[in-house]
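Heavy atoms only: backbone and side chains are in, while hydrogens, waters and symmetry mates are out. Every chain is numbered from 1, with letters handed out A, B, ... down the list of sequences. This structure is a prediction, so every number in the text was calculated from the model and none was measured.
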Amino acid sequence: MENIKISFDIIQHDFSKAGEASSNIKKVLKQLGIPSDTVRKAAVATYEAEMNIIIHSEGGVIELTVDVDKVKVVAKDKGPGIKDISLAMKEGYSTATSEIRELGFGAGMGLPNMKRCSDCFDIQSSESSPTIVTMIIYLKKAND
Amino acid sequence: MNLKDVQRLLEADVLTGEDTLDREIRTAFACDLMSDVLTFESDKTILLTGLVNPHTIRTAEMIDINAIVFVRGKMPDVETLELAKENGITILVTRHILFASCGILYSNGLYGANIVHK
Ligand SMILES: Nc1ncnc2c1ncn2[C@@H]1O[C@H](COP(=O)(O)OP(=O)(O)O)[C@@H](O)[C@H]1O
Ligand SMILES: [Mg+2]
């Protein structure tokens with residue numbers, strides 16, 4: 001399989017397009033014939049990352065890379081960053097406003113969901129800095 | 001149970017996917033927070049929810065849920081229905097509240113969906 005690299009711009013507070021990048025990424029992975037449970041994990045992780053950029057950041061980009069053995073999704077934004085990453089990673093922790101909650105988001109399960117769906121999960125951030133989330137899901141070999 | 005049974009038991013209206021009602025349904029889950037939805041394992045699963053907006057459809061799409069029941073008679077807007085059609089997701093609307101809808105389906109043999117564990 002050839003390496004595939006696609007990126008999507010994600011705009012702050014653009015709820016009308018929310019989920020489009022993840023939906024596109026899901027379709028690409030499906031078309032590549034990647035097993036459905038792997039596609040689903042990647043879709044969930046990407047969707048949570050996309051929503052976090054829309055809700056919590058000043059906008060950013062999501063990059064998908066697929067090569068022979070893995071799917072990699074990198075979500076990068078322009079800040080404002082996360083002060084306490086271990087607090088942000090806690091199930092149920094959320095700074096989302098009540099308006100966001102009315103839309104169905106802000107359960108505080110996004111980062112834990114991303115970690116659960118990934119084989120490798122890394123988050124880099126600090127106050128007044130970009131947040132960079134890197135998620136890798138390995139593709140099993142046919143004889144696994 | 002199939003979608004037709006769900007429709008009959010909940011006295012629901014079918015808004016999209018009239019032709020999919022013979023699809024088998026094995027499990028269900030009910031919630032209004034989409035990140036919670038994303039923690040479930042779906043296998044012939046329906047989602048019952050009072051959250052009626054395009055994000056509900058997007059969320060269902062991500063985990064391959066292909067039928068949603070909106071409760072309390074909440075009608076989705078055109079945008080939500082279009083997105084559901086695009087993704088082949090069947091939409092039912094019942095006048096029952098979430099609690100009653102779940103009770104009716106549970107007592108008729110539908111099971112709760114499992115949470116995904118790593
Ligand atoms: N990209 C980001 N930029 C800034 N803050 C973030 C970002 N992603 C997550 N956070 C912070 O971490 C918290 C937890 O994130 P998450 O687990 O996805 O829950 P939720 O999005 O439901 O609040 C958020 O409420 C927010 O304070
Ligand atoms: Mg989130």
Side-chain angles (χ1 to χ4, degrees), chain A residues 14-27 29-30 34-52 54-56 73 90-94 96 98-121 137, chain B residues 26-27 29-72 74-89 91 98 113-118:
Chain A
D14 187 359
F15 287 96
S16 67
K17 292 216 180 64
E20 269 184 21
S22 308
S23 175
N24 280 318
I25 285 175
K26 187 174 188 207
K27 282 173 189 134
L29 295 177
K30 251 195 208 162
I34 289 168
S36 61
D37 59 326
T38 306
V39 173
R40 203 183 295 180
K41 279 189 206 161
V44 169
T46 309
Y47 185 54
E48 291 283 14
E50 181 179 358
M51 292 317 303
N52 276 2
I54 293 171
I55 296 167
H56 305 295
V73 176
K90 279 211 177 110
E91 292 193 357
Y93 176 81
S94 175
S98 53
E99 285 83 8
I100 299 288
R101 286 183 160 258
E102 272 162 33
L103 293 173
F105 301 104
M109 293 300 292
L111 290 169
N113 267 353
M114 291 180 228
K115 187 170 180 193
R116 181 177 51 78
C117 290
S118 315
D119 294 320
C120 285
F121 174 88
I137 300 166
Chain B
R26 235 184 259 149
T27 62
F29 58 79
C31 63
D32 288 350
L33 278 171
M34 292 301 112
S35 273
D36 285 341
V37 174
L38 294 170
T39 63
F40 281 98
E41 217 160 35
S42 62
D43 172 32
K44 305 198 162 82
T45 302
I46 52 170
L47 165 63
L48 294 105
T49 184
L51 184 82
V52 182
N53 67 36
H55 308 304
T56 310
I57 312 294
R58 280 288 182 222
T59 304
E61 178 195 351
M62 293 307 148
I63 57 169
D64 303 316
I65 293 275
N66 47 31
I68 302 173
V69 180
F70 290 133
V71 298
R72 266 179 284 147
K74 288 192 180 178
M75 290 300 276
D77 59 16
V78 177
E79 197 193 343
T80 305
L81 285 176
E82 280 308 313
L83 198 59
K85 274 185 210 153
E86 232 173 77
N87 286 286
I89 294 173
I91 303 287
L98 186 56
N114 292 320
I115 291 184
V116 184
H117 295 288
K118 195 152 186 180

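For A:E102 against B:N53, the heavy-atom pair with the smallest separation is O-ND2, 4.5 Å. For the residue pair A:A18 and B:H55, the shortest heavy atom distance occurs at CB-CE1, 3.8 Å. Looking at every heavy atom in both residues, A:N113 comes nearest to B:S35 through ND2-O, 3.1 Å.
Using a distance-only test at 3.5 Å, with no hydrogens or angles considered, no donor-acceptor pair links the side chain of B:D32 to the main chain of A:G104. The backbone N or O of B:I63 lies less than 3.5 Å from no partner atom in the side chain of A:K26, so there is not a single donor-acceptor pair.
More than 12 heavy atoms of other shown residues, nucleotides or ligands fall within 6.0 angstrom of atom NZ in B:K74.
Atoms CD and OG, on B:E86 and A:S23 in that order, are 7.5 Å from each other to the nearest 0.5 Å.
Considering only heavy atoms from C-beta on, B:E61 comes within 4.5 Å of A:K27 through its side chain.
B:T56 does not touch chain A: none of its heavy atoms, backbone or side chain, sits under 4.5 Å away. Using a 4.5 Å cut-off between heavy atoms, B:S42 touches chain A through backbone and side chain atoms alike. Interface residue A:Y47: only side-chain heavy atoms are found under 4.5 Å from chain B. Proximity to chain B (any heavy atom under 4.5 Å) is shown, for A:E20, by both the backbone and the side chain.
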- [ ] List the steps and the verdict of side chain to side chain contact (heavy atoms under 4.5 Å, CB included) for A:R116 and B:T39.
- [x] CA-CA 9 Å; A:R116 181 177 51 78; B:T39 63; 3.9 Å; yes
Open item on the list: Using side chain to side chain contact (heavy atoms under 4.5 Å, CB included), reason through B:L38 and A:E48 one step at a time and then give a plain yes or no.
Closed with: CA-CA 9 Å; B:L38 294 170; A:E48 291 283 14; 3.2 Å; yes
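No other option in B:V37, B:T49, B:D64 has as many heavy-atom pairs under 4.5 Å with chain A as B:D64. The choice from B:I57, B:V52, B:T59 that makes the most heavy-atom pairs within less than 4.5 Å of chain A is B:T59.
A:D14 is linked by a side-chain hydrogen bond (donor to acceptor under 3.5 Å, both in side chains) to A:S16, counting only residues two or more places apart in sequence or in another chain.
When only modelled atom types and interatomic distance are considered, A:S22 and B:R58 share no side-chain donor-acceptor pair under 3.5 Å.
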